Number of protein chains: 2
Amino acid sequence: MRAEEKKFEKYLRLCGLRFTPERRLILREAFSIHDHFEVDDLFVRLHQKDCRISRATIYRTLDLLVKSGLLREVISGERHSHYEHILGHRHHDHLLCLKCGKVIEFSNNRIEELQKRVCEDYGFKPENHRLQIIGYCNRCQLDQGFT
Amino acid sequence: MRAEEKKFEKYLRLCGLRFTPERRLILREAFSIHDHFEVDDLFVRLHQKDCRISRATIYRTLDLLVKSGLLREVISGERHSHYEHILGHRHHDHLLCLKCGKVIEFSNNRIEELQKRVCEDYGFKPENHRLQIIGYCNRCQLDQGFT
DNA sequence: TTGTTATTGAAATTTAATCTCAATTGCAAT
DNA sequence: ATTGCAATTGAGATTAAATTTCAATAACAA
């Protein structure tokens, strides 16, 4: 069994929940996508494979996957949830352009370290984090002289 | 005219839009709240003052206020938008507990500085940002031995 | 004043997410 | 195996946020 399945099963057992076939299929599908995805992406992909899993179950399972620390919710500009898996996926944060909607990924070790220290100060155990910087990209700044 | 109104009017003019009485009222109400608020908070407060402004107008105006850099959307655990004003409001970030939902505010200058540097590297002009660290608070860690 | 264009409100619509509930399934105890 | 209890599922109803539509109105420049 793959690492992520082990971890999920462990989490479920600890909560008195069950590692059902549906939950395994959803987990596998989520981990087969090496990019951001949304609920409907999973639904479509599963149904293309003739897995008739309902949306309700996908919603419920994604909640569990986030709680177990296997997925994280990434915030895009859109008003519905987007996810990406954590295990085996390099962490990154985002610059979001207010004008053209462009998303730039970046990562910075020193910021991560400082976050760890903040957590220590508060006795907080981080599972994951998200950092978005919202503003204007290179190109769009030219049109934004109003400040 | 207050600083925020000046800035908003400037933004609107530049976009070929109008600084209408409704927009002014919404802006004032938003800036009278020195805390997070949601669309409905504004709607209720305005109607208590007999300002019969429709929800649609509030939604439309809040979009503009965010685009103009006067408000920022803060992400709470809930699935609808929350806002806070930027001008004259001390910036902070959040620690969110996955288990009990507790929100801890923190701020860290060195993280902010590093963010600025990241932006410089990408030629990006930041208007605001949001950083959330998700995990388990002091108290809830004890119950979370599954990792 | 006039014409153009943005804006508004009210209601309809869209969309995401949650809830309900009966049928089913997993699983531990027998 | 069998049984019984509790968790899980799917389908559809429901909730709630946000967006769209469109006719009436208002802002503003000429």
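Predicted model only: the values in this text are computed from it and were never measured. In what follows, chains carry the letters A, B, and so on, assigned in the order in which the sequence lines appear, proteins first and then strands, with residues in each chain numbered from 1.
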Problem - Exam field: side chain B:His91 to backbone B:Ser107, donor-acceptor pair closer than 3.5 Å - result: no
Practice task
State which residues pass salt bridge (Lys or Arg N to Asp or Glu O under 4.0 Å) with B:Arg72; sequence neighbours excluded, sorted by chain then number.
Solution key: B:Glu84
Handout entry: Any donor-acceptor pair under 3.5 Å from B:His129 side chain to A:Leu131 backbone
Key = no
Completion exercise
By salt bridge (Lys or Arg N to Asp or Glu O under 4.0 Å), B:Arg2 pairs with (sequence neighbours left out) B:Glu5
Practice task
Return the set of residues passing salt bridge (Lys or Arg N to Asp or Glu O under 4.0 Å) with A:Glu22 (not counting sequence neighbours), or none when no residue passes.
Solution key: none
Find every protein N or O atom lying less than 3.5 Å from an N or O atom of nucleotides 9-12 of chain C, and list the pairs.
unit_1: C:dG9; atom_1: OP1; unit_2: B:Arg52; atom_2: O; d: 3.2
unit_1: C:dG9; atom_1: OP2; unit_2: B:Ser54; atom_2: N; d: 3.2
unit_1: C:dG9; atom_1: OP2; unit_2: B:Ser54; atom_2: OG; d: 3.0
unit_1: C:dG9; atom_1: OP2; unit_2: B:Thr57; atom_2: OG1; d: 2.2
unit_1: C:dG9; atom_1: N7; unit_2: B:Arg60; atom_2: NH2; d: 2.8

Exercise for the section: For A:Phe8, enumerate each residue passing the ring-ring contact (aromatic ring centres under 6.0 Å, His included) test, keeping only those at least two apart in sequence or located in another chain. Expected result: A:Phe19
Handout entry: Along DNA chain D, first and last positions that approach a heavy atom of chain A under 4.0 Å
Key = D:dA6 to D:dA18
Sub-3.5 Å pairs of nitrogen or oxygen atoms, protein against nucleotides 28-30 of chain C:
none

Problem - Contact list for residues 112-123 of chain B, test salt bridge (charged side-chain N to carboxylate O under 4.0 Å, His left out), sequence neighbours left out - result: none
Handout entry: Whole-Å gap separating P (C:dA16) and CG (A:Asp63)
Key = 16 Å
Completion exercise
Rounded to the nearest 0.5 Å, the CG atom of A:Leu17 sits from the CZ atom of A:Arg60 at a distance of 12.5 Å
Fill in the blank from the handout: A:Glu4 meets the salt bridge (Lys or Arg N to Asp or Glu O under 4.0 Å) criterion, sequence neighbours left out, with none
Exercise for the section: Determine, using the 4.5 Å side-chain heavy-atom cutoff (strictly less than), whether B:Ile33 and B:Leu71 are members of one ILVMFWY cluster. Expected result: yes
Problem - Plane angle bin for A:His36 and A:His92 - parallel if under 30°, tilted between 30 and 60°, otherwise perpendicular - result: parallel
Problem - Minimal non-hydrogen separation, A:Leu96 against B:Phe124, with atom names - result: O-CZ, 3.2 Å
Problem - N/O (side chain, A:Tyr59) to phosphate O (OP1/OP2, C:dT18) under 4.0 Å - result: no
Give each protein N/O atom lying under 3.5 Å from an N/O atom of nucleotides 3-6 of chain C, with the pair distance.
unit_1: C:dT5; atom_1: O2; unit_2: B:Arg18; atom_2: NH1; d: 3.3
unit_1: C:dT5; atom_1: O2; unit_2: B:Arg18; atom_2: NH2; d: 2.9
unit_1: C:dA6; atom_1: O4'; unit_2: B:Arg18; atom_2: NH1; d: 3.3
unit_1: C:dA6; atom_1: O4'; unit_2: B:Arg18; atom_2: NH2; d: 3.3

Handout entry: 5' priority, DNA chain D, between A:Thr61 and B:Ser81 [closest heavy atom]
Key = A:Thr61
Handout entry: Min side-chain heavy-atom separation B:Val118-A:Ile111 under 4.5 Å
Key = yes
Exercise for the section: For the helix from C:dT1-D:dA30 to C:dT30-D:dA1, figure out the bend between the end axes, five pairs an end, and round to 10 degrees. Expected result: 40°
Mind listing the side-chain donor-acceptor pairs of residues 38-46 of chain A below 3.5 Å, one per line with the distance, residues two or more places apart or on another chain?
unit_1: A:Glu38; atom_1: OE1; unit_2: A:His80; atom_2: NE2; d: 2.6
unit_1: A:Glu38; atom_1: OE2; unit_2: A:His80; atom_2: NE2; d: 3.3
unit_1: A:Asp40; atom_1: OD1; unit_2: A:Arg55; atom_2: NH1; d: 2.2
unit_1: A:Asp41; atom_1: OD2; unit_2: A:Glu38; atom_2: N; d: 2.9
unit_1: A:Arg45; atom_1: NE; unit_2: A:Glu29; atom_2: OE2; d: 3.0
unit_1: A:Arg45; atom_1: NH2; unit_2: A:Glu29; atom_2: OE2; d: 3.4
unit_1: A:Arg45; atom_1: NH2; unit_2: A:Ser32; atom_2: OG; d: 3.2

Handout entry: Note, A:Phe106 side chain near A:Ile133 side chain (heavy atom, < 4.5 Å)
Key = yes
